[in-house]
Protein chains: 4
Amino acid sequence: MSTAPDPTRRNDAVRRAILTAAIDQVGEVGYAKLTIERIAKSAGVGKQTIYRWWPSKGALFFDAFLDLAGDGEAAALPDTGDLAADLKLVLGATVDELNDDRLDQAMRALNTEIVLDPALAADYATRLDNPMRELKKARLRSAQQAGQIGEDVDLEVAIDLIWGPILNRWLQRTAPLTREYAEQVVETALRGLLPRER
Amino acid sequence: MSTAPDPTRRNDAVRRAILTAAIDQVGEVGYAKLTIERIAKSAGVGKQTIYRWWPSKGALFFDAFLDLAGDGEAAALPDTGDLAADLKLVLGATVDELNDDRLDQAMRALNTEIVLDPALAADYATRLDNPMRELKKARLRSAQQAGQIGEDVDLEVAIDLIWGPILNRWLQRTAPLTREYAEQVVETALRGLLPRER
Amino acid sequence: MSTAPDPTRRNDAVRRAILTAAIDQVGEVGYAKLTIERIAKSAGVGKQTIYRWWPSKGALFFDAFLDLAGDGEAAALPDTGDLAADLKLVLGATVDELNDDRLDQAMRALNTEIVLDPALAADYATRLDNPMRELKKARLRSAQQAGQIGEDVDLEVAIDLIWGPILNRWLQRTAPLTREYAEQVVETALRGLLPRER
Amino acid sequence: MSTAPDPTRRNDAVRRAILTAAIDQVGEVGYAKLTIERIAKSAGVGKQTIYRWWPSKGALFFDAFLDLAGDGEAAALPDTGDLAADLKLVLGATVDELNDDRLDQAMRALNTEIVLDPALAADYATRLDNPMRELKKARLRSAQQAGQIGEDVDLEVAIDLIWGPILNRWLQRTAPLTREYAEQVVETALRGLLPRER
DNA sequence: ACTTAAGCGAGACGGTACGTCTCGTCTTGTT
DNA sequence: AACAAGACGAGACGTACCGTCTCGCTTAAGT
């Protein structure tokens, strides 16, 4: 019978050293060449200590990512009443994050795991994506109530329409990801592609 | 100097066997567990034969994917004059493809490599994405000339607005990818999020 | 720097399994076809465990040979006072050993490595040949003191004269190696080739 | 049915280039690292050309060795009437050959093959060793008839007694192989180890 | 002189083993 | 009991050669 480790005895300094080492090493060698052994060495930790607490490189990295990104996460999207301005602000910040090398590396790594591993994808959805989606939806619902978004618009679709293009351009490197592009996306999404009726 | 192999001496039957084996085995064990050795065994081929012609698993898989997907690639997007209907048709087909298990597996694998390897991403852009983008842009330009898309709309942004949400939902498995969703995206993208003026 | 493994952590059961497997497999397929992989498989051991402790097949085999031969090694040559009889006894035993298939295979293999690799030859000299030579020299010196060997005879040459022919016939398979031949060698070496003075 | 190659069509320049390359490369990298591919490259020859005419590296090398050594081979051993002097002359020359780096390398390589491969050993016996043995025996027989060797001495044993020690010391590198040593061996073998009767 | 059937250089091919790397498990002290 | 250290069985990595197999090209007979 496998005796599960007792979390109360866990040494938190060790845990943090491992998470930090994971992020550090991803920056140095990239996710593909990141090995458990390398993380252990860099953290000054035995391999077993890693295997005791995480089932896989992906799971470890996911925690490391949360540790990195989750801290500064805003509790809510700004709501000044000007939807377009608020979205441009938020997406501009997102663009900046994605252009930051450390975060770019880490998020690409995370994405790799999520794309191939449905279990991690579910975990990701629960712990990161859904909460974020709720914040986004809250802001859009507020706009909808203020009459700035059509009543018949599905907010899920609205979110995808605004954030999807940015994430896509980032992932596929179709073209450089700039704040200008983000603003164009916001404007076009809000207004639609059709010619303006007069 | 490393003498590159002479392509004229290449045995094409062997090449096709390798590409086929690569796709087969990705379906059986997934991309993460796909090894060159396994592909070689499955193709009845020596490992060196693979290493002679491809520099990495990613590069091999990219060729295999092109072999799989590229053949049936349409030469142009339909243009019946009804932009919404045409887009729904095309995106519906895309949705079906992404729900086909073999293609889903292969495209996810490809995506993994592209996300982490800028060189492959560039290759992907040149050989697959850009040509497809041109076809899409051509259809949208035709619509623009017909007055169905605003003259001030940037067609690059338009493409991202239509295709981005679908690809994103597929990659991140936010929710099941259905034809209905695709239709909603088309309609919302065309019409915009703003309430209709009256 | 390459950190040498810590010998105190070594698992001795594993070490013995490897040495045994090496001897076994040499008997089955011969030294030329003996591979590290085969030894590992036969010993139920990972390849790395072999490479961790031995730098080459030759070095491993050398240890395996010592393990095989060294155990029964006599501490001293018999000294009954009758030099010829003692030598015939010892050489007869040597002949039997060389005609034993397992030892024959192993010693030929060892010889192969020694002939081509001076480093191993030096190791062989230190750990096997020199100790044996000392025993031989001790016996001959005793005979010399007893007046059974000329005082001006160089004992190194004497050893070569007695053992050289036997080893040579064995190595080169000039003719079958028999006890009779060994006895003839002893007698002729002692008496010399010249006709007897009267 | 495998059509054996027609020796009359053989290109002798190619044959010689291969043999030369074999000797050259053994000198450069040693026999263990000598590969057919390397010989082929060095000789400017296709691999198939080698495989067409020789069944193995050993067989090829054997021919190469004959080509190298066989040419200058004396037809008979000197017979001045002074057996000791003649033997010292011959063995001195042998010692010099064994101390020549090129020949040393080549003969060690040959020896390696012979020790492990009985078929090659037989070939070696037929084509090199037996003829040489006959020459040696002829010289000793002549000495025996001249009363310089006891009538009851087995000449095969005599040959082993004289040449065995030298070959052994060379193969096992027990100690440096010098002309002085050869002379000592000759004298001791002729006179025997027993003290001189008076 | 003209076919034609080798020999030949070149090197792709299916394999096997190399020696290295990392995996995830297990064992041995240390704290 | 968690931990650092690291040996261990397992097996993939990418490389080097094996011996076989075309592929064109010379190059000598034999008609």
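The sequence lines fix the lettering, A, B, ..., with proteins before strands; numbering per chain opens at 1.
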Practice problem: Quick one, give me the B/S/- string for nucleotides 23-31 of chain F, reading 5' to 3', where B means a protein heavy atom under 4.0 Å from the base and S means that only happens at the primed atoms, P, OP1 or OP2. | Solution: B----B---

Exercise. Go through the steps for Trp53(D) and Ile18(D) under the test side chain to side chain contact (heavy atoms under 4.5 Å, CB included), then give the verdict.
Key: CA-CA 11 Å; Trp53(D) 302 109; Ile18(D) 292 169; 5.7 Å; no

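- Note on residues 42-66 of chain C: pairs passing salt bridge (charged side-chain N to carboxylate O under 4.0 Å, His left out), not counting sequence neighbours, are Glu37(C)-Lys47(C), Asp63(C)-Arg127(C).
- Remark: Asp104(B) engages Arg108(B) in a salt bridge (Lys or Arg N to Asp or Glu O under 4.0 Å) (not counting sequence neighbours).
- Protein chain A touches strand DNA chain E; the 5'-most and 3'-most nucleotides with an atom under 4.0 angstrom of its non-hydrogen atoms are dT22(E) to dC26(E).
- Residues Ile36(D) and Tyr51(D) meet the side-chain proximity criterion, which asks for heavy atoms closer than 4.5 Å.
- Donor-acceptor pairing under 3.5 Å is recorded for the side chains of Tyr31(D) and Glu113(D).
- Spacing between atom CZ of Arg52(B) and atom C1' of dC17(F) amounts to 12 Å, rounded to whole angstrom units.
- Residue-level contact check: Trp54(A) touches neither bases nor backbone, having no heavy atom under 4.0 Å from any strand.
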Quiz item: Taking it one step at a time, do Tyr124(A) and Leu120(A) satisfy side chain to side chain contact (heavy atoms under 4.5 Å, CB included)?
Solution: CA-CA 6 Å; Tyr124(A) 171 78; Leu120(A) 258 184; 6.0 Å; no

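- DNA chain F lies under 4.0 Å from at least one heavy atom of each of the following residues of residues 31-51 of chain D: Thr35(D), Ile36(D), Glu37(D), Lys47(D), Gln48(D), Tyr51(D).
- Atom CH2 in Trp53(D) sits about 18 Å away from atom C1' in dG19(F), given to the nearest Å.
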Less than 3.5 Å apart, which donor and acceptor atoms pair up between the side chains of residues 4-14 of chain D and the rest of the protein, not counting sequence neighbours?
residue	atom	partner	partner atom	Å
Asp6(D)	OD1	Thr8(D)	N	2.8
Asp6(D)	OD1	Thr8(D)	OG1	2.8
Asp6(D)	OD2	Thr8(D)	OG1	3.1
Asn11(D)	OD1	Ala13(D)	N	3.0
Asn11(D)	OD1	Val14(D)	N	3.4
Asp12(D)	OD1	Arg15(D)	NH1	3.4

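- Under a 3.5 Å cut-off, the side chain of Arg173(B) and the backbone N or O of Val115(A) do form a donor-acceptor pair.
- Residues Leu60(B) and Leu19(B) are in side-chain contact: their nearest non-hydrogen atoms beyond the backbone lie under 4.5 Å apart.
- Panel note: side chain Ser42(C), backbone Arg38(C); no donor-acceptor pair is recorded below 3.5 Å.
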